[in-house]
Peer 1: 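Following this message is one structure expressed as structure tokens.
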Amino acid sequence: MIDLKLLQKDFDAISTKLMRKGVDAAFIENLKLKNEALKKAKSNFETLQALQNSMSKEFGMYKREGKDISELKQRVDANKIVINEALDIQRNLQEELENIAMAIPNIPDDNVPDGKDENDNVEIKKVLTPKEFSFTPKEHWELAEDNGWIDFERGVKLATSRFSVSFGMGAKLERALINFMLNFNSKRGFEEVSVPALVNRTALEGTGQLPKFEDDLYKMDGLDLFLIPTAEVPVTNLYQDEILSAEELPKKMTAYTSCFRKEAGAAGRDTRGMIRQHQFHKVELVALSKPEESEAIFDDMVSCASDILTALELPHRIVNLCTGDLGFSAAHTTDIEVWLPGQDQYREISSISNTRDFQARRAKIRYKDGKKNIMVHTLNGSSLAVGRTLVAIMENYQNEDGSIDIPEVLKPYLGM
RNA sequence: GGAGAAGUGGGUGAGCGGCUGAAACCACAUCCCUGCUAAGGAUGCGUAUGGGUAACUGUACCGAGAGUUCGAAUCUCUCCUUCUCCA
């Protein structure tokens, strides 16, 4: 959630920034007006309540002293009616305000480039040069089927479209990648955690998936529980509604989970292969930090993900997302795109975001700085999407005869 | 699935309709004393939000929500969680 006090104080600047992200000006204006109205309503209610409280105290004294209370009772009863009206007004405003505020995305940083969609993202640098093939490289689905690594039909048979099954070396490689990535992140100072794959509404509101994006989530029938779309949700919410001590920051964590997404708006995109599946594996990095540390940690996370790709000898590039491609909760995001020779293009394999205090305010994650409680900054990033890494290995390590080499760093994980 | 018991501040735990935002103890912080490593004393010490430069102060919060009442941590209802017993 954005800082309403800041909005109130510096309305023009904040609304200008939000408009860069495509938020309707009228919407922001409305938020401001509602906020002001709520403040008035609250103050009004509290004054009445204070009066009621003091009369109630008097009431107790009268009774103890055996005085006549009928006149006082009349006053108190009359005030009660007024209070209830004031409370109603306040509650309605509160609810309206919350609905609006929760649907407003984070304020993009000033250095986020303007742009409409992913085509306007800005490349920062390339790492490793794609190798030249002496033959026409195949796409991963062909390689996956030819090598018997992935069975797309049987995934559909078991569930529905956009599900797949890994066999043999395909399955082993997934497991090796997960272990390799977790170990890599551990060495970089991220503590490994294992978390539930189902979370409640509060957790999803905390990280910003709800209330706006319920259509993208799988919801349990009859329960207020959802399958996680990313480990970011359970891991960040681990400290929901807590006040951490300054010494325990930064908290750097890494988790492997399956992720589940309905891909509601993605009809027709990447229908073939395992680029866009309803269920996929991902190793995630999450950090909670003091505000002044978050940028350094952000850089650390980007390099951590990039270094994994480098260790796997996979060419990739680092891209700064433009306003149009920026997610709901992010103040700024860097994507890592891996080179896919079969597709002859770079494709997203990691997305690292600093949400600053946006999620912390929603999830109420604070730390004690001396006497004051301050919102932490939260960061998250993939390191990496396992399925897409497997895709990248298949396409980059393919040979002319259709066989696939195994990256050196993974061999120990495969007993090779 | 059935039957009971319980959920209070960082922890233990009192309170069972007004004098309680909450005793006491522990932990913690600052200061003092002492002087030798362990103890003594004083003060402070929850969260959120509004007002105020500040001191301070209004309001809300005793698992969550609703209700009874002039007034609820305390009474009622629903839900959640934990523990014990039964199937």
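Below, read A as the first sequence line, B as the second, and so on, with proteins coming before strands; counting in each chain starts at 1.
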Peer 1: Please tell me which of the listed nucleotides, B:U59, B:G50, B:G18, lies nearest to the side chain of A:Phe59?
Peer 2: B:G18
Peer 1: Mind checking the C1' distance from B:C26 to B:C45? Whole angstroms is fine.
Peer 2: 13 Å
Peer 1: Does any nucleotide pair with B:U34 by Watson-Crick or G-U wobble geometry, both distances under 3.5 Å, and what is it?
Peer 2: none
Peer 1: So what's B:A29 paired with, Watson-Crick or G-U wobble, going by both distances under 3.5 Å?
Peer 2: B:U43
Peer 1: So, OP1 or OP2 of B:C70: does either fall under 4.0 Å of a side-chain N or O from A:Gln52?
Peer 2: no
Peer 1: Within the pair A:Arg366 and B:A48, is there a side-chain N or O less than 4.0 Å away from OP1 or OP2?
Peer 2: yes
Peer 1: Taking the same atom, C1', in B:G13 and in B:A24, what whole-Å distance lies between them?
Peer 2: 8 Å
Peer 1: Take the protein atom NZ of A:Lys368 and the nucleotide atom C1' of B:G46, then report the distance between them rounded to whole Å.
Peer 2: 8 Å
Peer 1: Looking for any heavy atom pair under 4.0 Å, which part of the strands does A:Lys364 touch: base, sugar-phosphate only, or nothing?
Peer 2: nothing
Peer 1: Can you identify which nucleotide, out of B:C70, B:G51, B:G58, has its nearest atom closest to the A:Val76 side chain?
Peer 2: B:C70
Peer 1: Under the 3.5 angstrom rule, does the side chain of A:Asp117 hit a backbone N or O of A:Asn119 as a donor-acceptor pair?
Peer 2: yes
Peer 1: Measuring centre to centre across the rings, with the benzene-like ring taken for any Trp, is A:Phe358 within less than 6.0 Å of A:Phe328?
Peer 2: yes
Peer 1: My understanding is that a pair needs two contacts under 3.5 Å, Watson-Crick or G-U wobble. By that rule, which nucleotide pairs with B:U49?
Peer 2: B:G58
Peer 1: Between B:A29 atom C1' and A:Glu247 atom CD, what is the distance in whole Å?
Peer 2: 12 Å
Peer 1: Can you say whether a donor on the side chain of A:Glu46 sits under 3.5 Å from an acceptor on the base of B:G58, or the other way round?
Peer 2: yes
Peer 1: Can you find a side chain N or O atom of A:Asn53 that sits less than 4.0 Å from OP1 or OP2 on B:U59?
Peer 2: yes
Peer 1: Rounded off to whole Å, could you give me the NZ-to-C1' distance for the A:Lys40 and B:G51 pair?
Peer 2: 15 Å
Peer 1: I'd like the C1' distance from B:C80 over to B:A66, given in whole Å.
Peer 2: 15 Å
Peer 1: Tell me which nucleotide, if any, is Watson-Crick or G-U wobble paired with B:A24 when both distances must be under 3.5 Å.
Peer 2: B:U12
Peer 1: Do A:Val286 and A:Thr378 touch side chain to side chain, with heavy atoms closer than 4.5 Å?
Peer 2: no
Peer 1: What does A:Asn373 touch in the nucleic acid at a heavy-atom separation under 4.0 angstrom: a base, only the sugar-phosphate, or nothing?
Peer 2: sugar-phosphate
Peer 1: So which of A:Ile393, A:Leu128, A:Val127 actually passes side chain to side chain contact (heavy atoms under 4.5 Å, CB included) with A:Leu314?
Peer 2: A:Ile393
Peer 1: Looking only at side-chain N and O atoms, does A:Lys57 come under 4.0 Å of OP1 or OP2 in B:C70?
Peer 2: no
Peer 1: Just checking A:Tyr256 against A:His281, ring centres under 6.0 Å apart?
Peer 2: yes
Peer 1: Just by distance, no angles: are the side chains of A:Glu295 and A:Asn354 close enough, under 3.5 Å, to form a donor-acceptor pair?
Peer 2: yes
Peer 1: Side-chain N or O of A:Lys80 less than 4.0 angstrom from OP1 or OP2 on B:G71?
Peer 2: yes
Peer 1: Give the rounded distance in Å between these two atoms: CD1 of A:Ile83 and P of B:U69.
Peer 2: 15 Å
Peer 1: Expressed in angstrom and rounded to an integer, what is the separation of A:Gln240 atom CD from B:U47 atom P?
Peer 2: 18 Å
Peer 1: When the distance from CD of A:Gln94 to P of B:A60 is rounded to whole Å, what number comes out?
Peer 2: 15 Å
Peer 1: For A:Tyr367 and B:U47, give me the distance from atom OH to atom P, rounded to whole Å.
Peer 2: 15 Å
Peer 1: Can you find a side chain N or O atom of A:Lys42 that sits less than 4.0 Å from OP1 or OP2 on B:A60?
Peer 2: no
Peer 1: Which part of the nucleic acid does A:Ile243 contact within heavy-atom distance under 4.0 Å: base, sugar-phosphate only, or nothing?
Peer 2: sugar-phosphate
Peer 1: Pairing check on B:U78: which nucleotide meets the Watson-Crick or G-U wobble criteria with it, both distances under 3.5 Å?
Peer 2: B:A64
Peer 1: What interatomic distance, in whole Å, is found between C1' of B:G9 and the corresponding atom of B:A5?
Peer 2: 24 Å
Peer 1: Looking only at atom P, what distance separates B:C86 and B:U12, rounded to whole Å?
Peer 2: 28 Å
Peer 1: If you pin A:Thr47 and A:Met55 to their nearest nucleotides in RNA chain B, which one's is more 5'?
Peer 2: A:Thr47
Peer 1: Just so I know, are the side chains of A:Phe180 and A:Val409 near enough to count as touching, which here means a heavy-atom distance under 4.5 Å?
Peer 2: yes
Peer 1: Quick one: is A:Lys73 getting a side-chain N or O under 4.0 Å of the B:C70 phosphate, OP1 or OP2?
Peer 2: yes
Peer 1: With a 3.5 angstrom cut-off on both distances, give the Watson-Crick or G-U wobble partner of B:G71, or none if there isn't one.
Peer 2: none
Peer 1: Between A:Lys5 and B:G50, is there a contact of a side-chain N or O with OP1 or OP2 at under 4.0 Å?
Peer 2: yes
Peer 1: Measure the distance from CE on A:Met375 to P on B:A48 and round it to the nearest whole Å.
Peer 2: 7 Å
Peer 1: For B:U84, give the paired nucleotide (Watson-Crick: N1-N3 plus N6-O4 or O6-N4; G-U: N1-O2 and O6-N3; both under 3.5 Å), or none.
Peer 2: B:A3
Peer 1: Taking the six-membered ring for Trp, are the ring centroids of A:His377 and A:Phe298 within less than 6.0 Å of each other?
Peer 2: no
